[in-house]
Amino acid sequence: MDMPVPSAAVLAKRSQVIARLKEVLPYESVIDGENELRAYECDGLTAYRCPPLAAVLPASTEEVVSVLKICAEMSVPVVPRGSGTSLAGGSLPTADSVVLGVSKMNSVLEIDYGNRFIRVQAGITNLGVTDAVETNGFFYAPDPSSQLACAIGGNIGMNAGGAHCLKYGVTTNNLLGVRMVMMDGEVVDIGGANLDAPGLDYLGVICGSEGQLGVVTEATLRILRKPEGARPVLVGFDSSETAGACVADVIRSGVLPVAIEFMDRPCIRACEAFAGAGYPDVEALLIIEVEGSDEEITEQLSRIIGIARRHEPAELRESRSGAESARIWAGRKSAFGAMGQIADYMCLDGTIPVSELANVLKRIGELSGEYGLEVANVFHAGDGNLHPLILFDANGPGQIELAEALGAEILRLCVRSGGCLTGEHGVGVEKRDLMPDQFTEDDLKAQVRVKDVFDPDWLLNPAKVFPLAVSEKRPGP
């Protein structure tokens, strides 16, 4: 659905803003044509669209400083944007805003293998970080499904995770420092190459702040030695509830796989048709991967397989080669694209305690029937990070609204079950009005006060995270 058109006041200011921006940036780095701006009118949450006032693509921290100073002076909101892969509308523009994309800032600035860190610009892709170090036997642990395209700046904004976050954690567990530009143009360096920075945990506040506090232009990231080897086992079950119970038992046993991924029948069939991974036709599928030496892998898989057999799996298949492992993961990594071939879908992101998996999956199935919309489940089961995909017809009257209503019920279910509204996609516009379902009024007031300190005029990433009733009471243009 389209957002409101710009007001007369916005249009009157537009030419002045663009002229000022072209004074400090190369001509090609300021995008103001109607057709060109279509590329920036939405992100991965394509149900909402709104062309911005303009888009800029600075190539350095210094150019970001110049852009933010102009926008602050002219009271123009700024929407930071990585690669635009946000599935929660995190980089959705408003009609009076300037989109600040970091895609030109994609260089590796420093690699220190002795101290195990890499310093990069914010526009480098997630996979690009690993590509820069893997020939020397290192890798960057967070691996969201969009890692081929998503930018490190966006990963920091949303605290992205991925399939291997069960063992290695999400972005905040692998982020050592940032260089960030405040809305008034001040440059601040937080953290660095050390494991722990002294003083207050500002880094913990910034990671996951969704562009509300400043524009990250550089990041110092932890890199790790590649494990000696890794091998997955594929386990099929006759019900999602049984698969969920198996996950809970694996975690309870003390074994720490590097990943536990879950897919149900609709997703299994779509992935098999798309990638030809050799998946069995079952109700639910787990991919459980462990890593280490050959002896460690054998011992861990033996324990996991023993636990899985107690749940009477319909199929149990241990990978015997690198090629077979690659096929297993190819299906999972292509899940979102595969589902997109068969229907429009809304991808949710909520978390629950692993012990609640079976109950929550059962209730999601019941809600699917009540709303008359199919839900396909594919998610990081090891840490309870759910990604239900609500299938609908985007051209059908009332279908988007129905899908949103079902999505809200599923997210409220996550909160009631002891989880939270988001695991790695962020709040964005998708969940902003659900925030009171998780946070008390005092909780929200505390978050607002943090925003006030970093961005007193509320110009950064407007209309996100906080309920509109809260945002509209704050200062702004």
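As a basis for the values below, the full set of heavy atoms in this structure was taken, side chains included, without hydrogen atoms, waters or symmetry mates.
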* Indicate yes or no: at least one non-hydrogen side-chain atom of Tyr140 is less than 4.5 angstrom from one of Leu127. => no

* Asked: Do the side chain of Asp32 and the main chain of Ile18 share a donor and acceptor less than 3.5 angstrom apart?
  -> no

* **Verdict with reasoning, Val375 to Leu406, per side chain to side chain contact (heavy atoms under 4.5 Å, CB included)** => CA-CA 10 Å; Val375 178; Leu406 173 54; 3.9 Å; yes

* Asked: Are side-chain N/O atoms of Thr422 and Asp349 paired as donor and acceptor at under 3.5 Å?
  -> yes

* Asked: Does atom CD of Glu28 have more than 12 heavy-atom neighbours, drawn from other residues, nucleotides or ligands, at distances under 6.0 Å?
  -> yes

* Asked: Parallel, tilted or perpendicular for His387 and Phe336, by the 30°/60° rule?
  -> perpendicular

* To do: Without swapping roles, check the side chain of Ser86 against the backbone of Ala88 for a donor-acceptor pair under 3.5 Å.
  => yes

* Look at the side chain of Asn173 and the backbone N and O of Val170, then say whether any donor-acceptor pair between them is shorter than 3.5 Å. => yes

* Structure fact -> So CG of Leu348 and CG of Leu413: to nearest 0.5 Å the spacing works out to 11.0 Å

* Asked: Would a 4.5 Å heavy-atom cut-off, applied to side chains only, mark Ile260 and Leu166 as touching?
  -> yes

* Compare every heavy atom of Val429 with every heavy atom of Ala463, then report the nearest pair and how far apart it is. => O-CG1, 3.6 Å

* Short question: side chain of Ser146, backbone of Ala149 - any donor-acceptor pair under 3.5 Å? -> no

* Where do Glu370 and Arg363 land on the salt bridge (charged side-chain N to carboxylate O under 4.0 Å, His left out) test, with the steps shown first? -> CA-CA 10 Å; Glu370 293 171 15; Arg363 181 57 185 151; 3.0 Å; yes

* Asked: Taking atom CD1 of Ile152 and atom CD of Gln121, what is their separation to the nearest 0.5 Å?
  -> 12.5 Å

* Straight-line distance of Glu272 CD to Ser334 OG, nearest 0.5 Å -> 9.5 Å

* Apply side chain to side chain contact (heavy atoms under 4.5 Å, CB included) to Asn194 and Leu176, showing your working. => CA-CA 7 Å; Asn194 302 315; Leu176 299 174; over 6 Å; no

* Rounded distance (nearest 0.5 Å) linking atom CD of Glu374 with atom CG of Leu389 -> 10.0 Å

* **Nearest heavy atoms of Asn377 and Phe379, plus distance in Å** => CB-CE2, 4.0 Å

* **Pair Glu41 + Arg49: basic N to acidic O under 4.0 Å** => yes

* For residues Tyr279 and Leu285, determine if any side-chain heavy atom of one lies less than 4.5 Å from a side-chain heavy atom of the other. => yes

* Asked: What is the distance from atom CG of Leu25 to atom OG of Ser66, rounded to the nearest 0.5 Å?
  -> 7.0 Å

* Asked: Does the side chain of Asn174 come under 3.5 Å of the side chain of Tyr168 through a donor N or O and an acceptor N or O?
  -> no

* Short question: side chain of Lys13, backbone of Met74 - any donor-acceptor pair under 3.5 Å? -> yes

* Asked: Is the count of non-hydrogen atoms from other residues, nucleotides or ligands lying under 6.0 Å from Tyr202 atom OH greater than 12?
  -> no

* Asked: side chain to side chain contact (heavy atoms under 4.5 Å, CB included) between Arg20 and Val17: does it pass, once the steps are laid out?
  -> CA-CA 5 Å; Arg20 291 285 305 277; Val17 174; 5.9 Å; no

* Do Glu289 and His164 have side-chain atoms, one donor and one acceptor, less than 3.5 Å apart? -> yes

* To do: Identify the two heavy atoms, one from Leu460 and one from Lys451, that lie closest to each other, and give their separation to 0.1 Å.
  => O-NZ, 3.0 Å

* Min side-chain heavy-atom separation Asp455-Gln212 under 4.5 Å -> no

* Taking NZ, NE, NH1 and NH2 as the nitrogens, is one of them in Lys69 or Glu73 under 4.0 Å from a carboxylate oxygen of the other? -> no

* Taking all heavy atoms of Thr94 and all of Cys50, pick out the closest pair and write down the distance. => C-SG, 3.8 Å

* Determine yes or no for a side-chain-to-main-chain donor-acceptor pair under 3.5 angstrom, with Glu210 supplying the side chain and Gly428 the backbone. => yes

* To do: Go through the side-chain N and O atoms of Asn126 and Asp143 and say whether any donor and acceptor fall under 3.5 Å apart.
  => no

* Is there a side-chain contact between Ile111 and Val108, using heavy atoms and a 4.5 Å cut-off? -> yes

* Asked: For Lys167, does the NZ atom sit with more than 12 other heavy atoms under 6.0 Å from it, leaving out its own atoms?
  -> yes

* Asked: So does Glu63 pair up with Lys104, basic N to acidic O under 4.0 Å?
  -> no

* Is it true that atom CG of Leu148 has more than 12 heavy atoms of other residues, nucleotides or ligands lying nearer than 6.0 Å? -> no

* Considering all heavy atoms of both residues, which atom of Val64 and which atom of Pro58 are nearest to each other, and what is their separation? -> CG2-CG, 3.6 Å

* Asked: Between Ser145 and Lys333, is any side-chain donor less than 3.5 angstrom from a side-chain acceptor?
  -> no

* Between the side chains of Ser91 and Asp43, is a donor N or O closer than 3.5 angstrom to an acceptor N or O? -> yes

* **Step-by-step ring-ring contact (aromatic ring centres under 6.0 Å, His included) determination, Tyr345 to Phe392** => CA-CA 6 Å; Tyr345 67 81; Phe392 67 100; 8.6 Å; no

* Does a side-chain heavy-atom distance below 4.5 Å link Leu45 with Leu87? -> no

* So, Asp112 side chain and Gly114 main chain: donor-acceptor pair closer than 3.5 Å or not? -> yes

* To do: For the pair Leu213 and Met183, evaluate side chain to side chain contact (heavy atoms under 4.5 Å, CB included) and give the outcome as yes or no after the intermediate values.
  => CA-CA 8 Å; Leu213 308 181; Met183 189 63 214; over 6 Å; no

* Asked: Are side-chain heavy atoms of Thr217 and Met180 found at a separation under 4.5 Å?
  -> no

* Give, for atom CD of Glu218 and atom OG of Ser60, the distance between the pair rounded to the nearest 0.5 Å. => 9.5 Å

* To do: Please report the shortest heavy-atom distance between Met158 and Gly426, naming the atom on each side.
  => SD-CA, 3.7 Å

* Is there a donor-acceptor pair closer than 3.5 Å between any side-chain N or O of Asp393 and the backbone N or O of Asp344? -> no

* Is the backbone of Leu468 close enough, under 3.5 Å, to the side chain of Ser471 for a donor and an acceptor to pair up by distance? -> no

* **Glu34 atom CD, neighbour heavy-atom count above 12 within 6.0 Å** => no

* Does some side-chain heavy atom of Val378 sit less than 4.5 Å from a side-chain heavy atom of Arg332? -> yes

* Asked: Looking only at atom types and distance, does a side-chain atom of Glu424 sit under 3.5 Å from a main-chain N or O of Gly161, one as donor and one as acceptor?
  -> yes

